[in-house]
Undergrad: 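The following block contains the structure, expressed as C-alpha cells.
Lettering follows sequence order; numbering is per chain, from 1. Just so it is clear, the values below take in all heavy atoms, side chains as well, and ignore hydrogens, waters and symmetry mates.
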There are 2 protein chains.
Amino acid sequence: MQHKNKTIVKSIELLKLFLTHDRLTLQEMAQLSNMPKTSVHRMIGSLEEIGFLTKDDEGKYSLGLLFLQFGQLVAERLQIRQLALPVMTRLRDEMGEAVNLIVRDGNEAIYIEKVDTHQPVRVYTAIGRRAPMYAGACPRILLAFLPEVEREQYLKNIELKPIGSGTITDPDRLRAVLSESRKTGYSISHSELHDDTSAVAAPIFNHRGQLEAGLSVVGPGTRFQADRLPLLIEKVQDAAREISRQLGWPGLPPQNVNRG
Amino acid sequence: MQHKNKTIVKSIELLKLFLTHDRLTLQEMAQLSNMPKTSVHRMIGSLEEIGFLTKDDEGKYSLGLLFLQFGQLVAERLQIRQLALPVMTRLRDEMGEAVNLIVRDGNEAIYIEKVDTHQPVRVYTAIGRRAPMYAGACPRILLAFLPEVEREQYLKNIELKPIGSGTITDPDRLRAVLSESRKTGYSISHSELHDDTSAVAAPIFNHRGQLEAGLSVVGPGTRFQADRLPLLIEKVQDAAREISRQLGWPGLPPQNVNRG
DNA sequence: ATTGATATTCCGTAATTCGGAACAATTCAT
DNA sequence: ATGAATTGTTCCGAATTACGGAATATCAAT
C-alpha cells in the first residue's frame with residue numbers, strides 16, 4: 001500500500017461527514033472538511049454522478065439510495081446473521097433482554113444483528129453502529145479472544161477514552177479484565193458505553209476455532225445484579241456455543257486450540 | 001459538471017462488480033472491469049483503506065462493513081418508511097399479500113420497504129433492489145405520475161427490454177397503459193418482472209402534491225384474477241391515500257393539481 | 001526444485017487534479 | 001425594486017497525482 005489514490009480517500013472524508021449530518025450544502029462540506037470550495041465542488045459532483053450523494057430541491061446534499069443497495073448486499077452476505085438470528089430470538093425470549101451480535105472491523109466492533117425486547121422493532125436499527133473494542137462487554141469479548149499478537153498491538157496503540165461512567169480507562173485494569181474473560185469465557189460490563197446499561201457477552205468461534213463474533217444480552221443495570229448474573233452468563237454462553245457449533249466449531253475450549 | 005474526478009468514477013465501477021459477485025480476486029476484478037492490473041491494485045488498495053472493501057484470509061475481496069453503517073443511515077433518514085410501515089402492515093394483514101414501497105432514483109425504481117406474507121421475514125431482504133420504471137405495476141405507477149416533461153424524456157431514451165413474459169416492450173402500448181393509470185389512479189401488472197407474479201399499485205403524493213413513492217400488493221398470478229382485483233385496487237388506493245395524507249398531501253386529485 | 005499463477009513494487013511519462021480568482025446565481029434586507 | 005451579501009459554478013495555468021508496462025516477489029501445486 002505504498003501508493004494510494006488520494007482522491008478516493010479525500011472523497012470518503014466528505015461522505016463521512018454524513019455520518020453525523022444528514023443534509024449539507026457545498027459550503028458546509030467545505031468548512032467541515034477544511035478543503036477548498038473548488039475541490040469539494042468537483043468531488044461531490046462525481047459522488048453525485050455515481051449515486052453516493054443526491055442533491056435535493058433546495059440544493060442540499062445527502063447520502064444516495066445506492067447505499068441501500070450496497071448495505072443490503074453486505075447484510076445478506078454475512079452468513080452468520082442467518083444462523084444466529086433464531087438462536088438470538090430464543091435467547092431474547094428466555095431472558096427478556098435485548099440481544100446483540102457484533103463482529104470485528106479493523107480496530108472497532110460493529111453491530112451486525114440485533115433482537116430487541118420491544119415490539120415491533122426495526123431490526124435494521126442499530127445495525128452498523130460501531131464501538132471501540134475496549135468498552136462494553138460485547139466489544140471486549142472480541143478483544144479478549146483476539147490472537148495475542150494482535151491484542152497486544154491493539155493495547156499498545158489504543159487510547160482508552162471514557163465513554164460512559166464505567167468505561168475502563170486504566171490499561172492494567174483492562175488487561176486484568178481481558179485475562180479474566182479468557183479464563184471464564186464471558187465478559188460483563190456496567191455503564192461502559194451507556195450509563196445504567198449493563199451487558200453480558202460470550203465469544204463465537206468458527207470451524208477453525210478462530211474468533212468470529214461476539215454475542216451479548218443487554219439491559220438496564222437494575223436487572224443485571226448479582227442474583228441474576230449467573231443465569232444470564234449461562235444462557236449467553238449456551239447460545240454462543242450453539243452458534244459456534246452451527247459454524248462448524250470443533251468444540252474445543254478456546255485455550256486448548258493450537259496447543260497439541 | 002464539466003470536470004469530474006475520473007478516479008472516483010472508475011473506483012465505483014470496481015465496487016459495482018460486487019453487486020453481482022460476492023468475492024473477487026485482484027485478477028478477476030481486472031478482467032471484469034477491463035482495467036490494467038496495476039490500476040486495479042492501486043484503487044482497491046485505497047478502497048480497502050477507507051473500508052469499502054475487505055480482504056479475507058484467502059486474499060479475496062468483498063464489500064466492507066462500512067456499507068452497513070451507511071446503508072443504515074440512509075434507511076433511517078427516509079422518513080416515509082416510518083410513516084408507511086404501519087399502513088403497509090395493515091394492508092398486508094387485510095389482503096394476505098406482500099406489500100412493497102418504492103421510490104424513484106434517477107431512471108430506476110428502488111424498493112425501500114417491504115412487508116412479506118411469510119413469517120418470520122427479514123424486512124431488510126429486497127430493500128435496495130432496483131427495477132426499471134416501465135416494468136411492474138409499482139415502478140410504472142411512478143412513471144405514470146411523473147411530470148410530463150420528465151416522463152416524455154424517459155420514454156424517448158429508454159429501451160424496453162423484456163424481463164418477464166408479460167413485460168411491455170411496445171412503446172405505444174406503454175403510453176396507453178400509462179395514460180390509463182393516470183386516469184384511474186392505479187396500475188396492474190402480470191408477469192412483468194417475475195413470471196406468474198402479479199401486482200396492483202397506487203401512487204403516494206407529498207404535501208406539495210408531488211409524486212413521492214409507489215405502494216403495491218404483490219402475489220402469485222392465480223390470486224390476482226378479475227374477481228379479486230376490484231378489492232385489491234380499492235385497498236391499495238386507500239392505503240396509498242392514507243400515507244399521502246400523513247405526508248401532508250392537500251388531498252386534490254392529481255390531475256387537478258396546478259390547474260387552478 | 002520447477003513451473004505457473006497471482007500479487008506487489010518500480011519508475012518515467014503525461015494526464016488529471018488542484019485551487020485561486022473571476023464570474024454567475026440566488027437570497028436577503030432595505 | 002435595488003443593492004449587498006452569500007452561495008454556487010466555471011476558468012485556467014501549475015504541478016501533483018495517477019497511470020500502466022515491465023520487473024520482481026510471493027505462493028501453490030506438481
Undergrad: Map A:Thr7 and A:Tyr61 onto DNA chain D by nearest heavy atom, then report which one ends up closer to the 5' terminus.
TA: A:Tyr61
Undergrad: Expressed as a whole number of angstroms, how long is the span from A:Met35:CE to C:dT17:C1'?
TA: 13 Å
Undergrad: On the side chain of A:Lys37, is there an atom forming a donor-acceptor pair with the base of D:dG8 - under 3.5 Å, no angle test?
TA: yes
Undergrad: Nearest to the side chain of A:Thr25, heavy atoms from C-beta on, is which of D:dG8, C:dC18, C:dT9?
TA: D:dG8
Undergrad: Within this structure, what is the CE-to-P distance between A:Met43 and C:dT16, rounded to whole angstrom?
TA: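 It works out to 17 Å between those atoms.
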Undergrad: In whole Å, what is the span from the NE2 atom of B:His41 to the C1' atom of D:dA25?
TA: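 Whole-Å distance recorded here is 12 Å.
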Undergrad: Write down the distance between CG (A:Asp57) and C1' (C:dT27), rounded to a whole number of angstrom.
TA: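 A:Asp57 atom CG is separated from C:dT27 atom C1' by 17 Å.
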Undergrad: B:Lys6 side chain: which of D:dC19, C:dT16, D:dT9 is closest?
TA: C:dT16
Undergrad: Which of the following nucleotides, C:dG19, D:dG20, D:dA18, is nearest to the side chain of A:Pro36?
TA: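 Nearest to the side chain of A:Pro36 among the choices is C:dG19.
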Undergrad: From C-beta outward on A:Arg42, which listed nucleotide comes closest to its side chain: D:dG20, C:dC18, C:dT8?
TA: C:dC18
Undergrad: Taking atom P of C:dA5 as reference, at what distance in whole Å does atom CE of B:Met29 sit?
TA: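 Atom-to-atom, B:Met29 to C:dA5, this comes out as 21 Å.
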Undergrad: Determine the interplanar angle of the B:Phe67 and A:Phe70 rings, folded into 0 to 90°, and report it as parallel if under 30°, tilted if 30 to 60°, perpendicular if over 60°.
TA: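 Parallel: the ring planes of B:Phe67 and A:Phe70 meet at under 30°.
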Undergrad: Let me know the distance between NZ of A:Lys10 and C1' of C:dG19, rounded to the nearest Å.
TA: 11 Å
Undergrad: Rounded to the Å, how far apart are B:Glu28 CD and C:dA5 C1'?
TA: 12 Å
Undergrad: Just the rounded figure in Å: distance from C1' of D:dT7 to CD of A:Gln27.
TA: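 My rounded result for the distance is 6 Å.
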Undergrad: Pairing donors with acceptors under 3.5 angstrom, does anything connect the side chains of B:Arg130 and A:Gln69?
TA: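 Yes, side-chain donor-acceptor contact under 3.5 Å.
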Undergrad: If you compare every side-chain N and O of A:Asn5 against the phosphate oxygens of C:dT16 (OP1, OP2), does one of them come in below 4.0 Å?
TA: no
Undergrad: What is the nucleic acid contact for B:Thr38, judged by heavy atoms within less than 4.0 Å: base, sugar-phosphate only, or nothing?
TA: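 Base contact - B:Thr38 has a heavy atom under 4.0 Å of at least one base atom.
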Undergrad: In sequence, state the C-alpha distance, the side-chain angles, and the governing distance for A:Glu242 and A:Arg245, and then conclude on salt bridge (Lys or Arg N to Asp or Glu O under 4.0 Å).
TA: CA-CA 5 Å; A:Glu242 169 62 21; A:Arg245 222 172 284 132; 3.2 Å; yes
Undergrad: Write down the atom of B:Ile163, the atom of B:Pro132, and the distance for their closest heavy-atom approach.
TA: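 Closest approach of B:Ile163 to B:Pro132: CD1-CG, 3.5 Å.
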Undergrad: Do B:Arg104 and B:Glu150 sit within salt-bridge range, that is, some charged N less than 4.0 Å from a carboxylate O?
TA: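 Here B:Arg104 pairs with B:Glu150 in a salt bridge, since their nearest N and O are under 4.0 Å apart.
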